[in-house]
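Predicted model, so just to flag it, every value in this text is computed and none were measured. Each chain gets a letter, A, B and so on, in the order its sequence line appears, and its residues count up from 1.
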Number of protein chains: 2
Amino acid sequence: MAGKSRNAARSSHGERREEILAQALRLFSEHGVQQVSTRQIASAVGISQPSLYAHFRTSQEIAQELCVRAFRHLAEDLSRALAGEGGRAERLRRAALAYVSFGLDNPDAYRVAFMIEKLVDHRAQAEQGPGLAAGLEAYKLLRGGISGADGTADLIAQSVWATLHGLVSLLIARPHFPWVDKAALIDAHVTRALAGLD
Amino acid sequence: MAGKSRNAARSSHGERREEILAQALRLFSEHGVQQVSTRQIASAVGISQPSLYAHFRTSQEIAQELCVRAFRHLAEDLSRALAGEGGRAERLRRAALAYVSFGLDNPDAYRVAFMIEKLVDHRAQAEQGPGLAAGLEAYKLLRGGISGADGTADLIAQSVWATLHGLVSLLIARPHFPWVDKAALIDAHVTRALAGLD
DNA sequence: CTGATAGCCTATCAGTGATAGGTTGACCTG
DNA sequence: CAGGTCAACCTATCACTGATAGGCTATCAG
């Protein structure tokens, strides 16, 4: 019955943990999440590959933690946009643009949260937890900004969200598609996404 | 100059090739593309794992071939919807609904074509070829159905496409999100996607 | 029969995420 | 200071992944 609490470290104040996250973020941004191995991360940090598992239970947990932090950032952006001055339409538009900007500026986090199919099939539904939860937070803010209190707030919010997500995810996943001018596309798309919400 | 054409089989009329594709499609649907290994596919077909490489250059090529076929299917659906009877709005709506249905019915093909980041970074841009090409074909049909001939057809078409894609990809990637009634959501979303296209 | 070749096999590779179990060193308590 | 605890790290190793090398066999054209 010796100590089997080997991997139970997870001290949230660990500096090493932060260093791992920092290097992982850098490598993810450089080479894409899927192309980075645990050995690369460990090597960048200067430790052995198994040592990562003293700080994270699985390799996915690293990506997930980065994703959660990024989405906290998004939630702040949205809050700020929605709370600022201007009429409802103006604030909504600002929020929508913030959403798109966030996705394009944090493509890896965005992928982890909304574009990657986890092992959803057989595992518990809540398994994809952190990533989804962080995204849900952002969604709720959007819904709050939309709510016409007519009972269809969720339906409209989900449609608007899907509309914005569509452009972000396509621009991320297919950067070499013959897009029209991106700035004009984003502007027109956001306008169309929010049309008829009076 | 002895025969180095080991893996250069690729006889497009091979029955084995078809059998491999059929088993791969089944396994992909059951377990998800990412969770299926070449050994599983080979085992299901009844051959050894390396034998797959006599019919396909890489494992991705299998998924890509399935994806191309699925998108040929989508192009047919869209053509049929756009060519049928009814006014422009009615035909467009039918096409949009066909697009969404296709995505939800062929989530794996859809993922391969539009949701997965290939090794885009360092490789040639055209590397992601077949999947993108097949999807492009479908996009062109959509653009053709929209074209108001006012020069902004591409911008509008890309926005509409992104709008539809957004819902499809979110429903695929996040099946456990607390969605409102899906039929109602799809209906409302398509309506919003096509609003103001007169 | 001869030679080419399509299709398959076994053996093997490097690289992947993950686990097992031992070693070190800082810290706190008696 | 002695002894215990424990976080953090190591090496060795696992099962599995996609992919390659090279040899065997059956079929078919000449």
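- In this model, the phosphate group of C:dG17 is approached by a side-chain N or O of A:T38 to a distance below 4.0 Å at OP1 or OP2.
- In this structure, A:Q34 atom CD and C:dG17 atom P are separated by 11 Å, rounded to whole Å.
- In summary, B:R72 and B:E76 do not engage in a salt bridge, as defined by a charged side-chain N under 4.0 Å from a carboxylate O.
- Between A:E90 and A:R93 no salt bridge is recorded (no basic side-chain N to carboxylate O distance below 4.0 Å).
- Computed from coordinates, the A:R17 CZ to D:dA8 C1' distance equals 14 Å when rounded to whole Å.
- With sequence neighbours excluded, the residues forming a ring pair (Phe, Tyr, Trp, His ring centres under 6.0 Å) with B:Y139 are A:F177, B:W161, listed by chain and number.
- Counting to the nearest Å, the P atom of C:dG17 and the CD1 atom of A:I62 are 9 Å from each other.
- For A:R80, the salt bridge (charged side-chain N to carboxylate O under 4.0 Å, His left out) partners two or more places apart in sequence, or in a different chain, are A:D77.
- Proximity note for B:H55 (side chain, C-beta onward) versus D:dA19, C:dC8, C:dT19: the nearest is C:dC8.
- In this view, A:R26 and A:Q23, A:E30 satisfy the side chain to side chain donor-acceptor pair (under 3.5 Å) rule, not counting sequence neighbours.
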Side-chain atoms of residues 44-51 of chain A: list all donor-acceptor pairs with protein atoms under 3.5 Å, sequence neighbours left out, distances to 0.1 Å.
from	atom 1	to	atom 2	distance (Å)
A:S48	OG	A:S51	OG	3.0
A:Q49	NE2	A:T38	OG1	3.2

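- Residue A:R57 contributes atom CZ, which lies 15 Å from atom C1' of C:dT19 at whole-angstrom precision.
- Going from atom CG of A:L52 over to atom C1' of D:dA7 covers 15 Å, rounded to whole Å.
- Partners of A:T163 under the side chain to side chain donor-acceptor pair (under 3.5 Å) rule, at least two apart in sequence or in another chain, do not exist in this structure.
- Remark: D:dG30 base-pairs with C:dC1. Criterion, Watson-Crick or G-U wobble with two distances under 3.5 Å.
- Rounded to a whole Å, the CD1 atom of A:I41 is 15 Å from the P atom of D:dC9.
- For the OP1/OP2 pair of C:dA18 and a distance below 4.0 Å, the side-chain nitrogens and oxygens of A:S59 include at least one atom meeting the criterion.
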Show me the protein contacts with nucleotides 10-15 of chain D, counting only N or O atoms at under 3.5 Å.
from	atom 1	to	atom 2	distance (Å)
D:dC10	OP1	A:S48	N	3.4
D:dC10	OP2	A:S48	N	2.5
D:dC10	OP2	A:S48	OG	2.7
D:dC10	OP2	A:S51	OG	2.7

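- Whole-Å rounding puts the A:Q35 CD to C:dG17 P distance at 11 Å.
- With rounding to whole Å, A:F56 atom CZ is found 16 Å from C:dA18 atom C1'.
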